[in-house]
Amino acid sequence: MSVNKNLMFQRIQTLYLIGAIICSGVLPFFLPLWKDSNNFSLYFDNYLGVSILFIFSAILSVITINLYKKRRQQSVICLLNILLNLILLGLLLFLSLNVSGDIDISEKGIGLVLPVISIVFLVLANIAINKDEKLVKSSNRIR
């Protein structure tokens, strides 16, 4: 059993998926979305829907890592996670454009970029998963 776990962590897509977990499960609660007119930072946990989407994205990444033997399902879940992050990015852009208050609120935080970074990690992971799938198919043809 430990051999399989070591094999899981030796694959590059696992590292990409861990990067996506960090971007959607850890960093959103430390990096601010924007600052209001009183220079008070607003975080993701101020918005329940956004927080739920970030946590769900992190859970999907963990599920994708644990499906290391089922590459097709891993690829599909990774694509669903990319779609979820695109929806999250659209929601964040909508929220940032519709912030109530003065024009002074236009100071955006680094937290708005997290879904983009997560999407990049997920795309790289999906490319690596598909590359592994092609490698397995080609080795099966040789047998």
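Below, each value reflects all heavy atoms present in this structure, side chains not excepted, and no hydrogens, waters or symmetry copies. Nothing fancy with the numbering, it's 1 onward along the sequence.
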Asker: Does the pair L79 and L83 meet the rule for a side-chain contact (heavy atoms from CB on, under 4.5 Å), with working shown?
Answerer: CA-CA 6 Å; L79 287 173; L83 180 65; over 6 Å; no
Asker: Is L80 reachable from F121 through a run of hydrophobic residues whose side-chain heavy atoms are each under 4.5 Å from the next?
Answerer: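 Different clusters.
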Asker: Is the distance from the ring center of F29 to that of F44 below 6.0 Å?
Answerer: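 Not close enough - the centres of the two rings lie 6.0 Å or further apart.
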Asker: What do the steps show when you test T14 against Y68 for side-chain contact (heavy atoms from CB on, under 4.5 Å), and what is the final call?
Answerer: CA-CA 9 Å; T14 303; Y68 62 94; 5.8 Å; no
Asker: Identify the two heavy atoms, one from I129 and one from Q74, that lie closest to each other, and give their separation to 0.1 Å.
Answerer: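 Nearest heavy atoms, I129 then Q74: CD1-CG, 3.6 Å.
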Asker: Nearest 0.5 Å, what's the CG-SG distance between L67 and C78?
Answerer: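 The CG atom of L67 sits 11.0 Å away from the SG atom of C78.
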Asker: Quick check for you: to the nearest 0.5 Å, what is the distance between I65 atom CD1 and L15 atom CG?
Answerer: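 Result: 9.0 Å between the selected atoms.
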Asker: Taking all heavy atoms of A125 and all of Q13, pick out the closest pair and write down the distance.
Answerer: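 Closest approach of A125 to Q13, heavy atoms only: O-CB, 3.6 Å.
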Asker: Do you reckon L86 sits in the same ILVMFWY cluster as L112, going by side-chain contacts under 4.5 Å, direct or chained?
Answerer: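 Yes, L86 and L112 fall within the same hydrophobic cluster.
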Asker: Quick one: do the S24 and N85 side chains pair a donor with an acceptor below 3.5 Å?
Answerer: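 Per modelled atom types, S24 and N85 side chains form no pair under 3.5 Å.
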Asker: Could you measure the distance from the CG atom of L114 to the CG atom of L89? Nearest 0.5 Å is fine.
Answerer: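 Spacing of CG (L114) from CG (L89) equals 10.5 Å.
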Asker: To the closest 0.5 Å, what do you measure between CZ (F56) and OG (S61)?
Answerer: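 Atom-to-atom, F56:CZ and S61:OG are 10.5 Å apart.
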Asker: Would you say the side-chain atoms of S57 pair up with the backbone N or O of L53, donor to acceptor, closer than 3.5 Å?
Answerer: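 Checking the backbone N and O of L53 against the side chain of S57, no donor-acceptor pair under 3.5 Å is found.
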Asker: Could you tell me whether the side chain of E133 and the main chain of R71 form a donor-acceptor pair under 3.5 Å?
Answerer: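 No; judged by distance alone, with no hydrogens or angles, the pair does not exist.
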Asker: Taking V116 as the starting point, is it possible to reach I87 by hopping between hydrophobic residues whose side chains are less than 4.5 Å apart?
Answerer: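 No, I87 and V116 fall in different hydrophobic clusters.
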Asker: Look at the side-chain heavy atoms of Ile, Leu, Val, Met, Phe, Trp and Tyr, link any pair under 4.5 Å apart, and say whether F54 and I59 land in one connected group.
Answerer: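 Per the 4.5 Å side-chain linkage, F54 and I59 are co-clustered.
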Asker: With a 4.5 Å heavy-atom cut-off, do I12 and L124 have their side chains touching?
Answerer: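 Heavy-atom side-chain distance check fails, nothing below 4.5 Å.
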Asker: Quick one: list whatever passes side chain to side chain donor-acceptor pair (under 3.5 Å) with N126, sequence neighbours left out.
Answerer: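 For N126 the side chain to side chain donor-acceptor pair (under 3.5 Å) partners, ignoring immediate neighbours, are S75.
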Asker: Out of curiosity, I22 CD1 to I117 CD1, how far, rounded to the nearest 0.5 Å?
Answerer: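 Answer rounded to 0.5 Å: 11.5 Å.
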Asker: Should L122 and L17 count as side-chain neighbours, where that means a heavy-atom distance under 4.5 Å?
Answerer: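 Touching, per the 4.5 Å side-chain cut-off.
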Asker: Would you give the length of the straight line joining atom CD1 of I77 to atom CZ of R72, rounded to the nearest 0.5 angstrom?
Answerer: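 Between atom CD1 of I77 and atom CZ of R72 there are 14.5 Å.
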Asker: Could you check whether any side-chain heavy atom of Q73 comes within less than 4.5 Å of a side-chain heavy atom of V76, counting everything from C-beta outward?
Answerer: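 Side-chain contact under 4.5 Å: no.
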